[in-house]
Enquirer: 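Below is the structure I would like to discuss, written out as structure tokens.
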Amino acid sequence: MSEHQNKKHTASNAAKTGITFGSALAMVISYTTWKSVGWAIIHGLMSWVYVIYYVIRY
């Protein structure tokens, strides 16, 4: 694997990890706050948008 391909692969993995972590964090915050699986799923799909909203709002 060339250096360029390695950097591209690393960036791709970092992005996926950030999205996954953001979704998990949003779902935990949502469920803890609202005690609703439905809202947790919706907020998990919104990912970092909900996390940032929660930090600003509360």
Side-chain angles (χ1 to χ4, degrees):
M1 186 178 283
S2 72
E3 184 177 339
H4 177 69
Q5 288 174 327
N6 192 23
K7 285 181 182 179
K8 188 175 179 181
H9 181 68
T10 301
S12 175
N13 281 344
K16 288 177 186 175
T17 302
I19 292 169
T20 303
F21 178 73
S23 294
L25 182 59
M27 292 175 80
V28 168
I29 290 171
S30 178
Y31 187 78
T32 302
T33 304
W34 304 108
K35 305 290 190 248
S36 169
V37 174
W39 278 117
I41 292 170
I42 291 169
H43 293 145
L45 293 172
M46 293 169 54
S47 186
W48 284 108
V49 174
Y50 180 72
V51 173
I52 292 168
Y53 164 79
Y54 184 83
V55 168
I56 291 170
R57 177 79 174 156
Y58 301 101

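Keep in mind that what you see is a predicted model, and the values were worked out from it rather than measured.
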Enquirer: Sequence neighbours left out, what passes ring pair (Phe, Tyr, Trp, His ring centres under 6.0 Å) with Y54? Give chain and number order.
Expert: Y58
Enquirer: Taking a hydrophobic cluster as the set of Ile, Leu, Val, Met, Phe, Trp and Tyr residues connected by side-chain heavy atoms closer than 4.5 Å, whether directly or through intermediates, do Y53 and W48 fall within one such cluster?
Expert: yes
Enquirer: Going by side-chain heavy atoms closer than 4.5 Å, which hydrophobic residues are tied to I52, directly or by a chain of links?
Expert: I56
Enquirer: Without placing hydrogens or testing angles, list every side-chain donor-acceptor pair under 3.5 Å for residues 32-46, not counting sequence neighbours.
Expert:
unit_1 : atom_1 : unit_2 : atom_2 : d
T32    : OG1    : V28    : O      : 2.7
T33    : OG1    : I29    : O      : 2.8
W34    : NE1    : Y50    : OH     : 3.2
K35    : NZ     : T32    : O      : 2.9
S36    : OG     : G38    : N      : 3.4
S36    : OG     : W39    : N      : 3.3
H43    : ND1    : S30    : OG     : 2.6
H43    : ND1    : W39    : O      : 3.1

Enquirer: Which atoms form the tightest heavy-atom contact between A26 and S47, and what is the distance?
Expert: CB-O, 3.5 Å
